[in-house]
2 protein chains.
Amino acid sequence: MKYSSSKENYLKAIFHLQQDDSVVNTNALARQLNTKPASVTDMLKKLKAQKLLQYQPYKGVKLTADGKKVALQIIRKHRLWEYFLVDKLGFGWEEVHEIAEELEHISSRKLIDRLELFLGSPRTDPHGDPIPDSQGKMPVIQQTALLDLPLKKTAAVISVSNQSTAMLDLLKHYHIGIGTKLQVNRRFEFDQTLEIAIANRPVFTISELLASNLFVAYDTTTA
Amino acid sequence: MKYSSSKENYLKAIFHLQQDDSVVNTNALARQLNTKPASVTDMLKKLKAQKLLQYQPYKGVKLTADGKKVALQIIRKHRLWEYFLVDKLGFGWEEVHEIAEELEHISSRKLIDRLELFLGSPRTDPHGDPIPDSQGKMPVIQQTALLDLPLKKTAAVISVSNQSTAMLDLLKHYHIGIGTKLQVNRRFEFDQTLEIAIANRPVFTISELLASNLFVAYDTTTA
DNA sequence: ATTTTTTTTTAGATTTGTCTAAATTTAAAT
DNA sequence: ATTTAAATTTAGACAAATCTAAAAAAAAAT
Ligand SMILES: [Mn+2]
Ligand SMILES: [Mn+2]
Ligand SMILES: [Mn+2]
Ligand SMILES: [Mn+2]
């Protein structure tokens, strides 16, 4: 029931790359983990021997129920620590990911359950991603792409799908974060740029690329 | 400037075994680290190559200034995390050591400095041991062995030199912890047992072995 | 001063996780 | 249907950290 940091990172990466019941390829994994395809193949054999994933040579890989369970515990730890770093220690949301990559491998179950309580059982991490509960159940958060938001409708940013430092830097520049309330004034046809309005601030425009990575929630009750 | 967990554990163990400028032997280190003497020799050669310690075959080992600096940073992290676990997450002081053994290897400097601030810059950990500051300077805490405490003098427990689970269990049983105020009523000559009095509690006796591992502070101003 | 015991080091293996280079399989293009 | 290209796996090597068994050095005992 105890796996190396390396194995935990593989399981987490596979989980993230695995949409629905699709299969994950060796090269994609190697890219995600900053390693070489040959190393991935080696590790897949070991994880298969531990029944954490299904794997047939050349045919890609998929987590078993056991593998998913482990992955979800790592994700739980990662996101709770991120919340701690931002909410309790005052870190910016763009600097916590790296540190959480280390903290997520601390093994004490009791520690993480108490941490959750201490934090007040938050439902999402600082990037808006849902935090699995201690059973590994991850709440599905209803979200709409910012690109699909009707004009002039106020909505709150609830998650960002790309969390690269470059992207988070840009969001910081615009002062956009999880919970920021905004609306789309108009769409410019020429380059698909969006004009954004935030209360008490001058309007500004953002690129389609940025918008495509922002997800929002808004009141859907019929007026 | 970044060392493996294993190397950090070696440096910390040597630091703890090294009184004043004395030399540490291979066997003592092996015992402390739950490893074999042959493994210790291997590692000492690597640490010497990194100039973290002075080592001549058969002649024992001693930390260099650099080695001490690294050891003190690990000790700082260990004790701050222990404080966090007890003070913020509500752990008992006897259950935090193991978890801190893992947390002490998290590398972010910024994390530990912010943690210290968040905790209010405590001067000692839950076991009464002093916490080195970010420069690695460790405050010396004036302490007296409980065995040397004059009879009927009230004193506060400030540290325990043996932190085995067995010992901490026993202290828990007696409801003795850091900060507990007590006095020694009398010493029994036959087995050197001490009779202890704590306000609002029946008196009880403790063994000489236990007493020899307890350190206290008391008012030394002349009456 | 030898002999015996203890401590420490060396020699040679092992495990885990990684890599490069070469071989193999699968997929795409002609 | 071949040929070419891309993806994946194998073969062999390496670094880190550990171990067992044997050799060597130092310390203790006679
Ligand atoms: Mn990680
Ligand atoms: Mn996150
Ligand atoms: Mn440790
Ligand atoms: Mn402690």
Side-chain angles (χ1 to χ4, degrees), chain A residues 1-15 17-19 22-63 67 70-71 74 101-102 104-107, chain B residues 1-15 17-19 22-63 67 70-71 74 101-102 104-107:
Chain A
M1 292 297 168
K2 182 68 177 313
Y3 306 98
S4 68
S5 292
S6 191
K7 281 181 179 168
E8 291 185 345
N9 285 337
Y10 271 86
L11 295 171
K12 194 173 60 135
I14 296 167
F15 183 93
L17 290 173
Q18 179 179 322
Q19 314 289 15
S22 77
V23 125
V24 177
N25 335 306
T26 303
N27 277 354
L29 254 177
R31 209 173 321 115
Q32 179 88 0
L33 292 164
N34 284 306
T35 185
K36 295 291 181 290
S39 308
V40 172
T41 301
D42 287 345
M43 184 60 95
L44 292 182
K45 286 191 250 179
K46 293 172 197 163
L47 293 171
K48 183 189 181 177
Q50 286 176 98
K51 300 191 197 304
L52 294 167
L53 45 80
Q54 293 173 257
Y55 165 64
Q56 298 296 5
Y58 298 102
K59 307 192 64 182
V61 71
K62 207 198 284 204
L63 294 179
V70 176
I74 309 303
E101 277 302 313
E102 282 185 69
E104 71 188 1
H105 302 291
I106 303 290
S107 58
Chain B
M1 292 299 169
K2 180 73 174 313
Y3 306 98
S4 69
S5 292
S6 191
K7 282 181 177 168
E8 291 185 343
N9 285 338
Y10 272 85
L11 295 172
K12 193 173 60 137
I14 296 167
F15 183 93
L17 290 173
Q18 178 179 323
Q19 313 290 14
S22 78
V23 123
V24 177
N25 334 306
T26 303
N27 276 356
L29 255 176
R31 209 176 318 115
Q32 178 89 2
L33 292 164
N34 285 305
T35 185
K36 296 291 180 293
S39 308
V40 172
T41 302
D42 286 347
M43 183 62 93
L44 292 182
K45 287 191 249 176
K46 293 174 199 163
L47 293 171
K48 183 189 180 178
Q50 286 175 97
K51 301 192 197 302
L52 294 168
L53 45 80
Q54 293 174 255
Y55 165 66
Q56 298 295 6
Y58 297 103
K59 308 192 62 182
V61 71
K62 207 199 285 204
L63 294 179
V70 176
I74 309 303
E101 277 302 314
E102 282 186 67
E104 72 188 3
H105 303 291
I106 302 292
S107 59

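Per chain, numbering begins at 1; letters A, B, ... match sequence-line order.
With values rounded to the nearest 0.5 angstrom, Glu8(B) atom CD is found 3.5 Å from Ile74(B) atom CD1. Rounded to the nearest 0.5 angstrom, Lys59(B) NZ and Gln54(B) CD are separated by 11.0 Å. A distance of 9.0 Å separates NZ of Lys12(A) from CG of Leu33(A), quoted to the nearest 0.5 Å.
For dA16(D), the OP1/OP2 oxygens have no side-chain nitrogen or oxygen of Ser6(B) closer than 4.0 Å. A close approach under 4.0 Å does not occur between any side-chain nitrogen or oxygen of Lys7(B) and OP1 or OP2 of dA16(D). OP1 or OP2 of dT9(C) has at least one side-chain nitrogen or oxygen of Tyr55(B) nearer than 4.0 Å. At dA17(D), one or more side-chain N or O atoms of Ser4(B) fall inside 4.0 Å of OP1 or OP2 (strictly under the cut-off).
Rounded to an integer number of Å, the gap from Leu33(B) CG to dA16(D) C1' is 16 Å. Per the geometry, NZ belonging to Lys45(B) stands 14 Å off C1' belonging to dA16(D), to the nearest Å. Distance NZ (Lys46(B)) to P (dA16(D)): 7 Å, rounded to an integer number of Å. Atom pair Asn9(B):CG and dT18(D):C1' shows a separation of 14 Å (rounding to whole Å applied). Distance, Glu8(A) CD to dG17(C) P: 11 Å, rounded to whole Å. Whole-Å rounding puts the Leu44(B) CG to dT8(C) P distance at 10 Å.
Of the two residues near DNA chain C, Tyr10(A) and Val40(B), the one whose nearest nucleotide lies more 5' is Val40(B). Each of Met43(A) and Pro37(B) was assigned the nucleotide of DNA chain C with the nearest heavy atom; the assignment lying further toward the 5' end belongs to Pro37(B).
Between the side chain of Gln18(B) and the main chain of Leu63(B), a donor-acceptor pair closer than 3.5 Å is present.
With a 4.5 Å cut-off on side-chain heavy atoms, Val70(B) and Leu52(B) count as touching. Contact annotation: the side chain of Leu44(B) never approaches that of Lys48(B) to less than 4.5 Å [non-hydrogen atoms, C-beta and beyond]. With a 4.5 Å cut-off on side-chain heavy atoms, Tyr55(B) and Thr41(B) count as touching. You'll find the side chain of Lys2(A) stays beyond 4.5 Å of the side chain of Lys7(A), heavy atoms only. Looking at heavy atoms from C-beta onward, Glu101(A) lies in side-chain contact with Asn9(A) at the 4.5 angstrom threshold.
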Which atom pairs link the protein and nucleotides 2-5 of chain D when you take only N or O atoms and keep those under 3.5 Å?
none

Can you name the atoms? Protein N/O to nucleotides 2-7 of chain C N/O, anything below 3.5 Å, with the distance.
none

Give me, pair by pair, the N or O atoms of the protein and of nucleotides 19-21 of chain C that are less than 3.5 Å apart, along with how far apart they are.
residue	atom	partner	partner atom	Å
dC19(C)	OP2	Thr35(A)	OG1	2.6
dC19(C)	OP2	Lys36(A)	N	3.2
dC19(C)	OP2	Ser39(A)	OG	2.6
dC19(C)	N4	Asp42(A)	OD2	3.2

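When every heavy atom of Ser107(A) is checked against every heavy atom of Glu102(B), the shortest pair comes out as OG-OE2, 2.7 Å.
Each of Gln32(A), Lys46(A), Met43(A) was compared with Tyr10(A) under the side chain to side chain contact (heavy atoms under 4.5 Å, CB included) criterion, and only Met43(A) meets it. In summary, of the residues considered (Asn27(B), Ile14(B), Leu29(B)), a side chain to side chain contact (heavy atoms under 4.5 Å, CB included) with Val40(B) occurs for Leu29(B) alone.
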